[in-house]
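Data first, discussion second: the structure below is written as C-alpha cells.
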There are 2 protein chains.
Amino acid sequence: MAAERKPMDRRKQVLEAAARSFETFGYKATTMDQVAKLAGVGKGTIYTFFAHKEQLFEEIMSGMIRELRELADRTLRPELPFADNLMEVLHKLLDYREQHALAVKLAQEVRDIGTPMAREGLEKVERAVVTYISRHVNEASEKGEIKPCDPELTAFVMLKTYLALTAESHHLHMPLTKEEVLDYFRTYWMEGLAAR
Amino acid sequence: MAAERKPMDRRKQVLEAAARSFETFGYKATTMDQVAKLAGVGKGTIYTFFAHKEQLFEEIMSGMIRELRELADRTLRPELPFADNLMEVLHKLLDYREQHALAVKLAQEVRDIGTPMAREGLEKVERAVVTYISRHVNEASEKGEIKPCDPELTAFVMLKTYLALTAESHHLHMPLTKEEVLDYFRTYWMEGLAAR
DNA sequence: AATTGACCGAATTGTTATTTTGGTCATTAT
DNA sequence: ATAATGACCAAAATAACAATTCGGTCAATT
C-alpha cells in the first residue's frame, strides 16, 4: 500500500518517459520495455494510448513543433517591426534549451547511424519552422518592411544561418554565446555587412 | 605495333582516370584495378607515382582546391570593392561545374555510407574555402569596406549560404538558376533584406 | 474495464566462411 | 639497364547463417 501510485494520467506518464528516453538514447536505442519501465507502467499499457513506437515518437515531435510555435506566437508583436520581432523570438529561442536536447540527440543519431525515423522527425521540424518563418517573411515583404523575395527560400537560408551559428559553429570556434549568436544574426540579416 | 602507345605521361593518365572514377563511383567503390584499366596501365605502375589509394585521392582533392583558388585569384581585382569581387568570383564559380561533380558525388557518399576518406576530403576543401574567403573578408574589414566581424565565422556562414542556395535548395524548390543564386546572394549579403 | 507481462515472429546483431581489394615484387618487355 | 606488368598475398569487406533483441499481441489478472 505504501508504494501505491495515484491514478495519475498514464498517457502523460508514458509520453514524458518516452521523451526522456528519446532525448537520452535517441530513437533507435529507445526500447518499449525501457519506456514502460521508466513510466512505471506495463508495456501493454503503452499500446492502449499509442498504436506503435512511431506514433509515440511523432506525438513527441509534434509537441516540440507546437511548443516552438506557441513560444513564437507568444513573443510576436504584430505592431513592431519585423526585425525587432525576429531578434526577440531568436532571443527566446536561445533560452529554450530543453527542445534542443532532443533535436541535438536526433541530429547526432542521424549522423552516426542514419536512423530514418530520426531523420524524418528532424525534417518535419525543419519544414514546420521554415513554413512558419516564411509566412512572416511574406507579411513583412507585403508590408514593404523588407524587399520582395521568395519567402520560403529566405526562411530556409535564415534557418541555415541559425544552425551554422549554433549547432555547426564548433567546426571553427568554441560554441558561441547567446549574445554572440544574436549579434551576428542581426549583423548578417538586419543591418547587412556593408559599412554603415 | 599498330596499337603502340606514345610515351604519354603515365602519371597524368592515372590521375585523370582516377578523377573520372572517383567522380563516377565515389571513393570506396573505386578500385585500383579499375583505375589501372581505365588508365590503360598496369596496376603496379600506379604505385610508381602514388604510395597508396589515399595519396592518389589527396592529390586529386588538392588539385581541386588549387584550381578553385587559381580561379578566384585570376578573377579578383584588388582595386574593386569587396562586393563586386565577391559577386564576380561567385559568378565564375557557378560556371565551373566540373569540380562540383566530384564534390557532389562525395557528399552523396558521405550521406549514404559515411566513407571517412570522402568526409575528410570534403572537410579539407571546406576549410580551404573558408580560409580563403576569411582572408578577403578580413582585408575588406580592415579597409573599412565592411563592418568589423569575425572573418572566419563570416566566411563560414557565407559558405553555408552558398551551399543552401545551390546544393540544398532542392529541399524546397527545383534547383535555382545561376542568375537566381547570384541575385539572392547579393540580396542577403551585400544589400541586406531591409527595404531600401 | 483497465492493466499486465509472458509470448511470438520479424528484425537486428554477432559469428564464421567466402570474396574482393589494396599493395608487392619476381618476371617480362623495352 | 630501366620501366612496366599482373599473378600473388594478407587484410579488409561482404555474404551466409546462428543467436539475440525488440516491437507488438493477448490471455490471464486485478
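Here is the naming used below: chain letters follow the sequence lines, and residue numbers restart at 1 for every chain.
The residues A:Asp95 and A:Lys92 are annotated as not salt-bridged, no charged nitrogen and carboxylate oxygen being separated by less than 4.0 angstrom.
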> Are B:Phe50 and B:Glu58 close enough, and set up right, to give a side chain to side chain contact (heavy atoms under 4.5 Å, CB included), and what steps lead you there?
Replying inline: CA-CA 10 Å; B:Phe50 305 96; B:Glu58 276 161 19; over 6 Å; no
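Residue contacts shown for B:Lys28 are limited to sugar-phosphate atoms, with no base heavy atom under 4.0 Å away.
Nearest to the side-chain atoms of A:Thr48 among the listed nucleotides C:dT3, D:dG24, C:dT24 stands C:dT3. In the set D:dT14, C:dT21, D:dG24, C:dT21 carries the atom at the smallest distance from any side-chain atom of B:Thr31. With C:dT4, C:dG23, D:dT5 as the candidates, the nucleotide lying closest to the side chain of A:Arg10 is C:dT4.
Between the CG atom of A:Asp33 and the P atom of C:dA6 there is a distance of 10 Å, given to the nearest Å. The nearest whole Å value for the distance from the CZ atom in A:Phe25 to the P atom in D:dC22 is 12 Å. Going from atom NZ of A:Lys43 over to atom P of D:dC26 covers 14 Å, rounded to whole Å. We find that CD1 of B:Ile46 is positioned 12 Å from P of C:dT24, with the value rounded to whole Å. Between B:Lys53 atom NZ and D:dA12 atom P there is a gap of 14 Å when expressed in whole angstrom units. Whole-Å rounding puts the B:Tyr27 OH to D:dA12 C1' distance at 13 Å. Rounded to a whole Å, the CZ atom of B:Phe50 is 21 Å from the P atom of C:dT21. Counting to the nearest Å, the P atom of C:dA26 and the OH atom of B:Tyr47 are 18 Å from each other.
Nearest-nucleotide positions on DNA chain D place A:Thr30 closer to the 5' end than the other of A:Thr45 and A:Thr30.
Classified by interplanar angle (parallel below 30°, tilted 30° to 60°, perpendicular above 60°), the ring pair B:Tyr162/B:His100 is perpendicular.
Taking the six-membered ring for Trp and the full ring otherwise, A:His136 and A:Tyr132 have centroids separated by under 6.0 Å.
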